[in-house]
Amino acid sequence: MAKSKPQHGHQNGKRPGVKSAAVTPVRRHGGRKVISFEDKQDAGSHDSDSEIVDHISKQEIQTRAMRLLKVRESLPVFQNKEKIMAHIKANPVTVLIGETGSGKSTQIPQFLMDEIMSIHKGAIAVTQPRRVAAINLATRVAQEHGCRLGHEVGYSVRFDNKSHKTRTKLKYLTDGMLIRELMLDRNLSNYKCIIIDEAHERTILTDLILGFLKELQTTKRKDLKVIVMSATLQADLFSKFFSNAPILFVEGRKFTVDRFYLPRPCEDIVDSVVRCAIQLNSSETTGDVLCFLPGQEEIDKAVAILNKVVPYLDESVPRVVAYPLYAALPPKEQAKVFDPVKGFKRKIVLATNIAETSVTIPGVKYVVDCGLRKVKVWRHQLGLATLLTVPVSKASVSQRAGRAGRESAGKCFRLFTESDYQQLPKQSESEITRCEITSPILMLKQYGVQDVVNWSWLEHPGKEAIVSGLKELYELGALNEQGRITEKGRKMALLPLAPHLSTVLINAHDTHVLPYVIDIVSCLTVENLVLNPLPEERDEVNERRRALCTLGSKHGDLIMLKELFDMYQALKSNVERQEWCKQLCVSQRGFKNVIKVREQLTGYMKRLYNQSEPQQTQGKSGLRKEDEEDANSQLLQPPDIPGVLKCFLYGFVKNTAIGMPDKSFRTTPTGEPISVHPSSMLFISGSSTGDDNSTGPCPAILYIEHVFTTKGYARSVSRIELAWLQEIASGVLKQSSR
DNA sequence: GAGCACTGC
């Protein structure tokens with residue numbers, strides 16, 4: 001339910017799109033529901049008809065576009081149209097600093113559509129790091145342009161494509177989707193112009209796209225226009241990368257936010273956040289409060305304290321209502337932050353970084369920022385991730401402050417000193433330098449890049465990271481000894497999975513346990529599927545899960561996921577499913593995604609191994625039924641659990657640990673201690689009276705993730721036998737020495 | 001006895 005507010009905006013006087021919409025034949029377009037678009041800042045344009053866009057007449061579409069034109073003309077970007085367009089026309093690459101509220105994401109693509117596309121053939125792509133943003137922007141721009149969504153203006157995100165191959169001239173897509181398009185058509189021959197929005201966020205995928213575009217522009221696509229949209233702080237980096245491309249600045253329309261610092265550093269951030277919130281509740285007039293804390297633990301603590309304090313507050317101050325907000329929270333709980341509070345009340349939202357970019361909460365006038373965040377850092381030499389609490393960057397701090405000035409002037413309270421602020425890094429460490437990069441390297445190899453170390457990286461991830469990535473891919477059989485991509489590697493690159501999980505699927509296909517394994521892999525790729533129960537419900541929920549998942553309690557989390565998924569699917573009604581999900585503290589939305597992922601993976605696997613079959617453009621059709629039957633017939637037989645777990649072992653040989661006599665585990669690659677994460681089925685609780693006599697202690701474990709927090713934890717853990725480890729580890733060794 | 005945030009033909 002993450003809601004992201006898109007750049008609001010609107011534009012130009014010519015509107016040839018309206019004309020073309022009227023003359024082009026109407027194409028049947030699925031008739032699916034169109035996601036409604038709300039933008040509170042465009043008061044006055046009562047386009048409540050947005051959700052029935054598919055049914056309203058052309059006349060109405062055009063009338064609305066006319067109405068929106070007025071709002072568009074008032075945007076800062078619109079007033080600088082001539083200047084901006086002159087730059088874009090004169091340069092192959094333009095870096096555009098467009099502040100929030102400038103209308104850059106909605107208007108500039110439309111200027112281009114009008115001015116450039118009328119002469120040339122080809123389309124414009126606008127990339128976004130998040131799905132919701134791509135969908136919302138496309139919906140808005142289609143309205144402004146006076147066309148139906150999916151005709152001249154459309155979008156393409158995973159599982160949802162509202163664009164037409166030839167007809168769509170402006171397409172909003174996630175950066176992952178554009179990477180996929182690059183893999184299929186290395187020259188991006190369909191496009192005349194690529195706009196990379198939110199480039200300053202520096203996601204791995206945006207970084208990769210910029211590298212590909214630079215290379216393309218100097219080789220096969222000298223005519224390709226590139227526009228990089230960024231926040232101020234990163235603009236220089238992009239300009240330098242594209243041989244000193246001009247930087248344009250368009251100011252936004254945000255409100256001023258006053259900043260306050262602490263005179264001296266605070267000791268306990270939770271305590272300080274609560275104090276600050278309570279204090280401003282009594283000193284400030286209307287407006288809600290958004291507090292940034294690093295993680296769930298701190299947030300739950302703060303909410304608990306606030307709830308205790310609230311009854312004792314003076315009656316003259318607004319009643320405080322505290323809401324937690326983090327990704328692992330059940331969607332229903334998350335949605336509560338959008339409820340307006342009635343009466344003499346004030347909303348205080350305590351959130352992680354999720355509220356920095358992904359979720360915009362209406363009504364926020366005050367921001368309390370503890371200045372910390374949690375970040376996962378990959379250690380290449382150790383092959384594990386560490387979860388660290390670190391100070392945020394200046395860029396982050398200003399982004400967070402900006403959350404207070406979306407609707408009116410606001411205030412931001414920083415729980416650190418001004419001199420601490422001066423010492424913050426300008427920018428957070430980019431993803432590409434702190435993450436595992438096996439998948440990006442495989443993409444480069446699939447694209448045809450031989451020398452990955454000397455590729456046109458926007459920021460070089462470091463030789464060490466690349467070497468360990470190459471080694472990993474070689475061990476998975478994706479690369480040969482010369483570092484060239486293998487047939488298997490090509491298959492892996494085409495699957496929308498981490499290379500390790502692709503290996504698992506390919507193996508499952510070869511050993512005929514694919515339907516079973518595909519279900520598990522689908523569950524693993526969906527984030528926040530199995531949620532963390534609240535402390536007071538924890539034991540009950542664990543007990544329920546254990547009682548229902550008999551195989552999972554014995555074999556571990558992978559098998560549990562399969563059991564849960566089967567149970568979920570066997571439920572008849574939505575009401576039943578809802579209740580069941582609540583009882584087990586699992587996400588229904590998550591399972592809906594699992595079904596989508598499974599469908600997609602099943603389709604890809606089918607295509608990978610059925611080359612003779614004609615390629616289906618829109619997936620689906622006929623393929624599914626058969627596979628469901630496969631899966632069902634598999635259900636009837638006792639599943640080959642060793643066979644299933646061995647498939648996973650092929651992708652995760654390095655993620656194994658051997659059980660010691662004292663019931664602790666030591667990892668196989670380095671022998672360091674590792675503990676089963678408490679969220680795992682195989683976590684042995686102290687009070688357990690142990691009916692696990694039947695199975696005995698685990699001789700060895702296999703885990704999908706190794707994360708170091710207070711100590712090394714194995715997550716998504718399965719019980720394996722030592723013999724399997726010997727069998728597969730030696731097999732893998734043989735394969736890599738070939 | 002513990003869980004930053006995104007995303008894919």
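Per chain, numbering begins at 1; letters A, B, ... match sequence-line order.
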Residues A:W455, A:Y447; criterion ring-ring contact (aromatic ring centres under 6.0 Å, His included); working and verdict: CA-CA 12 Å; A:W455 186 65; A:Y447 188 79; 8.1 Å; no
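The only member of A:S679, A:S680, A:S716, A:S718 that meets side-chain hydrogen bond (donor to acceptor under 3.5 Å, both in side chains) when paired with A:D557 is A:S680.
A:T352 contributes a side-chain N or O that, together with a main-chain N or O of A:I354, makes up a donor-acceptor pair within less than 3.5 Å.
At the heavy-atom level, A:N542 lies under 4.0 Å from base atoms of the strands shown. Counting non-hydrogen atoms under 4.0 angstrom, A:L387 reaches a base of the nucleic acid. Within the nucleic acid shown, A:L494 comes within 4.0 Å of at least one base atom, counting heavy atoms only. Looking at heavy-atom distances under 4.0 Å, A:L531 makes no contact with the nucleic acid at all. Within the nucleic acid shown, A:R131 comes within 4.0 Å of sugar-phosphate atoms alone, with no base atom in reach, counting heavy atoms only. Within the 4.0 angstrom heavy-atom criterion, base atoms lie near A:L184.
A straight line from CD1 of A:I204 to P of B:dC6 spans 15 Å, rounded to a whole angstrom. Summarising the geometry, the separation between CE on A:M443 and C1' on B:dC9 is reported as 12 Å, rounded to the nearest angstrom. Atoms CD (A:E705) and P (B:dA2) sit 16 Å apart, rounded to a whole Å. Between the NE2 atom of A:H706 and the P atom of B:dA2 there is a distance of 15 Å, rounded to whole Å. Atom P of nucleotide B:dC6 and atom CG of A:D175 are separated by 14 Å, given to the nearest angstrom. For the pair A:M492 CE and B:dC9 P, the computed distance is 17 Å after rounding to whole Å.
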Please tabulate, one pair per line, all N/O donor-acceptor pairs under 3.5 Å involving side-chain atoms of residues 704-712 of chain A, not counting sequence neighbours.
unit_1	atom_1	unit_2	atom_2	d
A:E705	OE2	A:K376	NZ	2.5
A:K711	NZ	A:S675	OG	3.4

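Distances shorter than 4.0 Å separate none of the side-chain N or O atoms of A:Y326 from OP1 or OP2 on B:dC4. Using a 4.0 Å cut-off, no side-chain N or O of A:T352 falls inside it from OP1 or OP2 of B:dC4. Dashed line: the shortest gap from a side-chain N or O of A:T709 to OP1 or OP2 of B:dG3 is under 4.0 Å. For the pair A:Q600 and B:dC9, the criterion of a side-chain N or O lying under 4.0 Å from OP1 or OP2 is met.
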